[in-house]
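Because only heavy atoms are used, hydrogens play no part in the values below, and waters and symmetry mates are left out as well, while side chains stay in. Everything numeric here is computed off the predicted structure, so don't read it as measured data.
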Amino acid sequence: MRRNKLAWILLTGALCLLLYTIVVMRSDNKTSVILGGIDGAFVESDSLTFVDPNAVVETPEPTVDIWPQLDLDDFDNPQYMIVNADNFLSAAYAPAESGKISGTNNQLFDATALPYLEQMLQDCRDAGFTVYVTAAFRSYSYQNNLFNSKASQIAVGMGLTGKEAYLDPEYQKAAEEARKIVMEAGTSEHQLGLAVDLMDKNYSRLVYENMDQEMFAWLDAHCAEYGFIKRYPTRKLLLTGWDEPWHYRYVGVEAATFIMEHGICYEEFYAHYHPGFKYG
């Protein structure tokens, strides 16, 4: 009897020692984990694993090219042309055929893309929004007048007045400032006849944050269905050189869908096919 009792005590002690050892080992492996970004809110867990930051991960090459299958020759089509200070249009360029945008004061648009634009505008209105076309096709001479007017306005603010003010060397400073606000003739997509500025009733203020954000959310979500992209989004300013979130450009449904779904700007799209492309 005494031997059985002693054996039981020894066995119980051994089990307690084993349990204590396991608890200590697991406690040493616990890690403080921050939850929800709140200071002091953490738990201790030994159930998490961490990836070695020094490990080399081999990314497999994609087996399918997801980019639209375009050749360099396709970019001679106005639909895919890029227009900026390094890729400008001649003074003689104009759409082969254009038509009036319904409900506007003789605003013109490329005739081939016009039906897509008008359908987008109608669907936007049917969704409950009031959308205005404030700019569409602009000729080289019209854009030139816009630029010169802005440069002259800035020059007057600098004290340069009179008919010969543009001959003053200081006028170049005014012109340089104007280039940050208005595109020079030949460098605007509006001359393609494939770009529109779309705004709501607050358009005269030209302050995007004051405009109907729900309307722009609808346009951004649906414009690709009609072949349009948001051409100069604020977040892409360093790549495009312009912050005009109300400016939409027709590039066709295939390209527009790819661009909008992947959150890239047209410069990034264009650069994929032109590796030497220089960003704005």
Task: Side-chain (R231) to main-chain (C265) donor-acceptor, under 3.5 angstrom - done: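 Side chain of R231 to backbone of C265, a donor-acceptor pair under 3.5 Å: no, none is there.
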Open item on the list: Using modelled atom types and a 3.5 Å cut-off, is there a donor and acceptor pairing between side-chain atoms of D110 and backbone atoms of T112?
Closed with: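 Flag set: sc D110 to bb T112 pair under 3.5 Å.
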Between [X] and [Y] (salt bridge meaning N to carboxylate O under 4.0 Å), is one present in this structure?
X	Y	value
R179	E184	yes
E176	K173	no
K236	E268	yes

Open item on the list: We want to know whether Y248 and D220 form a side-chain donor-acceptor pair, criterion being a heavy-atom distance below 3.5 angstrom.
Closed with: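 Present: a donor and an acceptor within the cut-off.
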Task: No-hydrogen, no-angle side-chain donor-acceptor test under 3.5 Å, E189 and H247 - done: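 Yes, a side-chain donor-acceptor pair sits under 3.5 Å.
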Task: Plane angle bin for Y273 and W67 - parallel if under 30°, tilted between 30 and 60°, otherwise perpendicular - done: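 Ring orientation of W67 relative to Y273: perpendicular.
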Task: Parallel, tilted or perpendicular: ring planes of H274 versus F75, cut at 30 and 60 degrees - done: perpendicular
- [ ] Decide yes or no for T234 and D243: does some side-chain heavy atom of the first lie under 4.5 Å from some side-chain heavy atom of the second?
- [x] yes
Task: Min side-chain heavy-atom separation L194-P78 under 4.5 Å - done: yes
Open item on the list: Are L192 and W242 connected into the same hydrophobic cluster when the rule is that any two of I, L, V, M, F, W, Y join if their side-chain heavy atoms are below 4.5 Å apart?
Closed with: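 No, it is not one cluster - the side chains of W242 and L192 are not joined through contacts under 4.5 Å.
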Task: Pairs where residues 132-159 contributes a residue and the test ring-ring contact (aromatic ring centres under 6.0 Å, His included) is met, not counting sequence neighbours - done: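 Found Y132-Y203.
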In a table with atom names and distances, give each donor-acceptor pair under 3.5 Å that connects a side chain of residues 87-96 to protein atoms at least two apart or in another chain.
residue, atom, partner, partner atom, Å
N87, ND2, N84, OD1, 2.9
S90, OG, A92, N, 3.4
S90, OG, Y93, N, 3.4

